[in-house]
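First comes the structure, then the notes that go with it.
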Amino acid sequence: AQKVTQAQTEISVVEKEDVTLDCVYETRDTTYYLFWYKQPPSGELVFLIRRNSFDEQNEISGRYSWNFQKSTSSFNFTITASQVVDSAVYFCALSEGDSNYQLIWGAGTKLIIKP
Amino acid sequence: GAGVSQTPSNKVTEKGKYVELRCDPISGHTALYWYRQSLGQGPEFLIYFQGTGAADDSGLPNDRFFAVRPEGSVSTLKIQRTERGDSAVYLCASSRRGGSEAFFGQGTRLTVV
């Protein structure tokens, strides 16, 4: 069975604070992909990152960073120095195998950044 | 256009009616996906096209749902005998090939009354 859990339904922080969004996944496959997407109020899902199961290196892109730990089946997402424009719903997703076209999504975490 | 375009953006229909939702993918993208998203939930996979053919339609909930992509570009999701439970945002995405980064449209909000 595949499952993606985002335990945090909603997070609210004040601008400039750092915030981490948690993602825990379950899969029996050794080959899989993990994704993060952002969904702003406009509704369009915006791709942030894709990571395959064989690459556990952490990644940093500007204020965004991702911590992939196979030992705990987690793929957490951190925003440093948060900004109001970061307010959105963030989804973590999983796909198995090489094709990685069928994504299994978490329920999302709504992030509210207050000015 | 530069992005994935979905029309209409909103559709209200009566229970039992037939609806068609359209998706114009990014030019040159061979892979196209349909997802459904209910309020407060993540998207739910419906169907994946590679070119003109449905490579995986395992996510379609029942035989009232059908999708086509006759020329390998525009796709239409068709729902017959709509039910109130079909109310959701229907999202379309495309990618250069199956499995590469997918770009999503803004969705069609379907409301069945």
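Below, chains carry the letters A, B, ... as their sequence lines are ordered, and counting in each starts from 1.
- Follow the hydrophobic side-chain contacts under 4.5 Å out from W34(B) and you never reach F45(B); the two are in separate clusters.
- Note that CD of E101(B) is 9.5 Å distant from CG of L48(A), once rounded to the nearest 0.5 Å.
- Proximity to chain B at a heavy-atom threshold of 4.5 Å picks out W105(A), G106(A), A107(A) from residues 105-115 of chain A, in numerical order.
- Within the 4.5 angstrom heavy-atom criterion, no atom of Q6(A) approaches chain B.
- Counting heavy-atom neighbours within 6.0 Å of K70(A) NZ, excluding the residue itself, gives a total above 12.
- W66(A) and V24(A) end up in different hydrophobic clusters when Ile, Leu, Val, Met, Phe, Trp and Tyr side chains are linked at under 4.5 Å.
- Cluster partners of V74(B), using a side-chain heavy-atom cutoff of under 4.5 Å among ILVMFWY residues and allowing indirect links: none.
- Placement of Y90(A) and I11(A) within a single hydrophobic cluster is found when ILVMFWY residues are connected by side-chain heavy-atom separations under 4.5 Å, directly or transitively.
- Contacts from residues 55-71 of chain B to chain A, taken as heavy-atom pairs separated by less than 4.5 Å, involve D56(B), S58(B) in sequence order.
- When the side chains of ILVMFWY residues are joined at heavy-atom separations under 4.5 Å, either directly or via intervening members, L94(A) and F75(A) end up in a single hydrophobic cluster.
- Residue contact with chain A, scored on non-hydrogen atoms closer than 4.5 Å, involves the side chain of Q37(B) exclusively.
- For residues 103-113 of chain B, the interface with chain A (any heavy-atom pair closer than 4.5 Å) comprises F104(B), G105(B), Q106(B), sorted by residue number.
- Between F91(A) and P43(B) there is a side-chain heavy-atom pair separated by less than 4.5 Å.
- Under the 4.5 Å side-chain heavy-atom criterion for grouping Ile, Leu, Val, Met, Phe, Trp and Tyr, Y33(B) is connected to Y33(A) within one hydrophobic cluster.
- With a 4.5 Å cut-off on non-hydrogen atoms, A93(B) does not touch chain A at all.
- When every heavy atom of G43(A) is checked against every heavy atom of L91(B), the shortest pair comes out as O-CD2, 4.4 Å.
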